[in-house]
Structure formats: C-alpha cells, structure tokens
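Scroll down for the structure; my scribbles are underneath it.
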Protein chains: 2
Amino acid sequence: MKSIGEEIQQAEFSDVYQKLGINILFTAAWFGERNRLALKDHDISLPQYNVLRILRGQKGKAISVAGLCERMIDKSSNASRIVDKLETRKLVLRRVCDKDRRQVDVVITEKGTALLEDLDKKVPTFKTIMSSQLSSQDADALNFALDQIRNQK
Amino acid sequence: MKSIGEEIQQAEFSDVYQKLGINILFTAAWFGERNRLALKDHDISLPQYNVLRILRGQKGKAISVAGLCERMIDKSSNASRIVDKLETRKLVLRRVCDKDRRQVDVVITEKGTALLEDLDKKVPTFKTIMSSQLSSQDADALNFALDQIRNQK
DNA sequence: TGCAAATATATGTATCTACATTTAATGTAC
DNA sequence: GTACATTAAATGTAGATACATATATTTGCA
C-alpha cells in the first residue's frame, strides 16, 4: 500500500499533523483527478457537474445563486458563470425571483437531469471507492474528526 | 460545532461514505482558503509557495521539473510555468542538467529561502490548526485511513 | 419621502489550470 | 549510424479561478 510519504516522495514530515494536513489535501486532489477523468469526453467540467448535482438535490425547488455558493465546496469559484455555461446548454433555467428582483432562481431542466443520470453511471461514488477499505464506523469517526479539525478555537 | 452537513447546508447524504468524501473535499478547500488568505498581500500564489517549500525540503540538492511534479499535490498544475514565475523573481535558479541535457535542475536561492522564512511566520502550520482538536494518536489513525482509501483494489 | 447602506448578481481582469502540441535530447532496434 | 520511439521540458490555447468593481434592487432610517 502506498502511504502519503511514498505518494509525494517525502520521507519525513515535521510532525504527524503536518503529514495529516498534506494527506487530506492529497486525497482531495486524488478524488478530483478521478472525477475529472470520469467526466472527460463528456464535455462537462467538474464544477458544472457539482452544480448540477446540487440543483438535483433541491428536488425541483429553485435555489438562488447565493444559495448555490453556500452549498458549493469551492467557495471562491464563480457560480454565476458556471450557471451561464449550464444555461447555454439548456441544462438549467434561470429566472428572476418575483419576491426579490435582485435574486435569480436556478432550476435544473429535464435535459440536465437526464445528463446527470448518464454521468452518474460513469462517476464512481464515494461508497464504491471507500467501502471496501473502511467500515462505516470508521467513516463516521473520520467525519467527526474532520468536523473537529475545522472548528478549532 | 459546525458539521459538514451544516457547512454546505445539506441535511442528508446518501450514505456515510458520500458524506466523508465531501467532508474530505471540503476540509481540503478550507485549508486552501486559510493558506491563500495568509499569503494574500505577500505577492505569492499558493502553488508558488508550495514549490518553494518542496525545494527547501531538498536541502540544497537540485530537483528536476519532473521530480517537482511528483512531489506536488496538484499533479496537473504546470510546474514549468510556476518555476518561470519564481525564476523571474530570482527565488529559484534553473540550470540544464549535464548528465541529461533534456532535464532542468531547479534549486532555491538565498532570496527564496529568506522569503519562505518570512512567509512561514504568516501561514499557520497544520499542527497549530489541528493539535488542539486531535491527539497525535488520532492523527496517526486518520493518516492510516486516508492512505487506505486511496489504495482500493 | 429621500438617500445612504446593504444585498444579489453580473462582469472585467489577470492569473492559473487542463490538456494538447512542440522542441530537443536520449534510448533502442536494426 | 539511421530511423523510430521515448522522455523532459516548454509552450499554445481554451476555459476556470481569484478578486475587484459595477449594476440593479431592496432595506433602513432620518
């Protein structure tokens, strides 16, 4: 099995936390590579795919661009322009909100849902990737640990 | 404490592995934001900083551009151009390798080392971020779990 | 009401990334 | 040695990100 030290050819780390930080960054990048690979030849970028998934998660309810931002992992990426691209391809609809005309509501279209179903067959789920290596108890514990890490005083 | 579900406003996940995958991605992005913030106003990008750190880790030994790539977390980023930027600012030196003239050896300069020492004061270490929340035993266990995740059959 | 501050989104821009292609040097088979 | 494949790095490019700014709408309050 390849440890993080072997992956990035680094024999020593200043301490176990340094090693863990790099391990988290590396593992996230590794997931990203996998997903990008899966989406390749399907003419859709990873952020576009993620936005479509968030929209599907809304189950028909519209969501504002700001709401989309909150739900996106990469906060600084530009939701407005990602939605632009999706709208051009008629995968989503944009509609000015009546209650607050500054706000723009976004919903996924039939076409978007269909594409997403197709892509889901290509993109491995996290369960597929991890469940053979990690019990669900371990996964729970990991979730808790990561939540803790981000909530330091 | 804010759990991953609260962070991205997602009440339900299809399973605990899905939650964990997103948690890893989110935590990595959270680290990135922190570091980017720390480097802001210091006129150096995060990838540039990371390359400088790799070079320092070489302790004077030169490393090829390909070697740099292997050690970089984000494999697809363009080492050659990052080195360009660093060379322009005289933070690193580039030198064609005698043994294999296709290869280019890169070393950090005094100026680069000095800048890095300065930046290290600004950028929080992973130990600072995590040690109050996580015992070193827990960190060890997490490291092991992440290594396992990436080594599925 | 009228007007400044706040909010939601869009846009401008420089830089960075992803990926294909190019250039140059080396290795290998014949 | 020549020809072809392989390797190392650089470059061209389209598109994405980071960050500042602009535009439109709403809110709050004198």
Side-chain angles (χ1 to χ4, degrees), chain A residues 25 28-52 62-89 92-107, chain B residues 25 28-52 62-89 92-107:
Chain A
L25 292 172
W30 185 83
F31 285 148
E33 300 276 306
R34 272 186 82 104
N35 286 349
R36 197 177 357 270
L37 195 71
L39 293 179
K40 211 175 154 178
D41 311 323
H42 289 277
D43 195 32
I44 190 163
S45 72
L46 199 45
Q48 284 172 30
Y49 175 67
N50 290 332
V51 165
L52 280 183
I63 185 171
S64 68
V65 174
L68 215 41
C69 280
E70 279 177 7
R71 285 166 180 74
M72 288 173 73
I73 288 169
D74 204 346
K75 300 305 184 196
S76 55
S77 89
N78 204 316
S80 187
R81 266 184 275 232
I82 294 171
V83 171
D84 271 352
K85 302 277 163 58
L86 295 173
E87 192 184 31
T88 304
R89 294 179 59 189
V92 306
L93 277 179
R94 239 200 289 231
R95 173 179 74 215
V96 171
C97 175
D98 286 334
K99 296 229 163 195
D100 182 344
R101 290 166 41 64
R102 289 168 304 183
Q103 200 171 302
V104 170
D105 286 336
V106 185
V107 283
Chain B
L25 292 173
W30 184 84
F31 285 148
E33 301 274 308
R34 271 186 81 103
N35 286 348
R36 197 177 356 271
L37 196 70
L39 293 180
K40 210 174 155 179
D41 311 323
H42 289 277
D43 194 31
I44 190 161
S45 73
L46 200 44
Q48 285 173 28
Y49 176 67
N50 290 333
V51 166
L52 281 184
I63 187 172
S64 69
V65 174
L68 216 40
C69 280
E70 280 178 6
R71 286 166 179 75
M72 287 173 74
I73 287 169
D74 204 345
K75 300 304 184 198
S76 55
S77 90
N78 204 315
S80 187
R81 265 183 277 232
I82 293 171
V83 172
D84 270 353
K85 302 279 163 58
L86 295 173
E87 192 184 31
T88 303
R89 294 179 57 190
V92 306
L93 278 179
R94 241 199 288 232
R95 173 180 72 215
V96 171
C97 175
D98 286 334
K99 295 228 163 196
D100 182 343
R101 291 168 39 66
R102 290 170 301 184
Q103 199 171 303
V104 170
D105 286 335
V106 185
V107 284

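Below, all heavy atoms of this structure are taken into account, side chains as well, without hydrogens, waters or symmetry copies.
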**Heavy-atom pair with the smallest gap, counting every atom of Asp105(B) and Cys97(B)** =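 Looks like OD2-CB, 3.7 Å.
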**Asked** More 5' along DNA chain D: Ser77(A) or Asp98(A), using each one's nearest nucleotide?
**Response**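 Residue closer to the 5' terminus by nearest nucleotide: Ser77(A).
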**Asked** Mapping Arg101(A) and Ile82(A) onto DNA chain D by nearest heavy atom, which one lands closer to the 5' end?
**Response**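 This one resolves to Ile82(A).
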**Prompt:** Does dT17(C) have OP1 or OP2 sitting under 4.0 Å from an N or O in the side chain of Lys75(B)?
**Reply:**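 So the side-chain polar atoms of Lys75(B) never come under 4.0 Å of the phosphate oxygens OP1 or OP2 of dT17(C).
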**Item:** Phosphate-side-chain proximity, Gln48(A) and dG15(D), N/O vs OP1/OP2 below 4.0 Å
**Value:**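 No, Gln48(A) has no side-chain N/O under 4.0 Å of OP1/OP2 on dG15(D).
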Starting at atom [atom1] of [X], determine the distance to atom [atom2] of [N], rounded to an integer number of angstrom.
X: Leu68(B); N: dA8(D); atom1: CG; atom2: P; answer: 14 Å
X: Tyr49(B); N: dC16(C); atom1: OH; atom2: P; answer: 17 Å
X: Lys85(B); N: dC16(C); atom1: NZ; atom2: C1'; answer: 7 Å

List every contact pair, protein side and nucleotides 6-13 of chain C side both N or O, where the distance is under 3.5 Å.
from	atom 1	to	atom 2	distance (Å)
dT7(C)	O2	Arg102(A)	NH1	2.8
dT9(C)	OP1	Val65(A)	N	3.1
dT9(C)	OP1	Val104(A)	N	3.0
dT9(C)	OP1	Val104(A)	O	3.4
dT9(C)	OP2	Ala66(A)	N	2.6
dA10(C)	OP1	Arg94(A)	NH1	3.0
dA10(C)	OP2	Ser80(A)	OG	2.5
dA10(C)	OP2	Arg94(A)	NH1	3.1
dA10(C)	O5'	Ser80(A)	OG	3.3
dT11(C)	O4	Asn78(A)	ND2	3.4
dG12(C)	N7	Arg81(A)	NH1	3.3
dG12(C)	O6	Arg81(A)	NH2	2.3

**Request:** Please work out which residues in residues 32-44 of chain A have a non-hydrogen atom less than 4.0 Å from an atom of DNA chain D and list them by number.
**Result:**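 Those residues whose heavy atoms fall under 4.0 Å from DNA chain D, taken from residues 32-44 of chain A, amount to none.
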**Asked** Less than 4.5 Å apart, any side-chain heavy atom of Val96(B) and any of Gln103(B)?
**Response**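 No - every pair of side-chain heavy atoms lies 4.5 Å or more apart.
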**Prompt:** So do Val83(B) and Val92(B) actually touch side chain to side chain, heavy atoms under 4.5 Å?
**Reply:**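 The answer is yes, as the side chains (C-beta and beyond) meet within the 4.5 Å cut-off.
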**Asked** Is the backbone of Trp30(B) close enough, under 3.5 Å, to the side chain of Arg34(B) for a donor and an acceptor to pair up by distance?
**Response**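 No: the side chain of Arg34(B) does not pair with the backbone of Trp30(B).
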**Request:** Please check if the side chain of Arg71(B) supplies one atom and the backbone of Gly67(B) the other of a donor-acceptor pair under 3.5 Å.
**Result:**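 Looks like yes, one N/O pair under 3.5 Å.
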**Request:** Using a cut-off of 6.0 Å, state whether more than 12 heavy atoms not belonging to Arg95(A) lie near its atom CZ.
**Result:**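 Open.
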**Message:** The test is side-chain contact (heavy atoms from CB on, under 4.5 Å); show your working for Cys69(B) and Lys75(B) and say whether it passes.
**Reply:** CA-CA 6 Å; Cys69(B) 280; Lys75(B) 300 304 184 198; over 6 Å; no
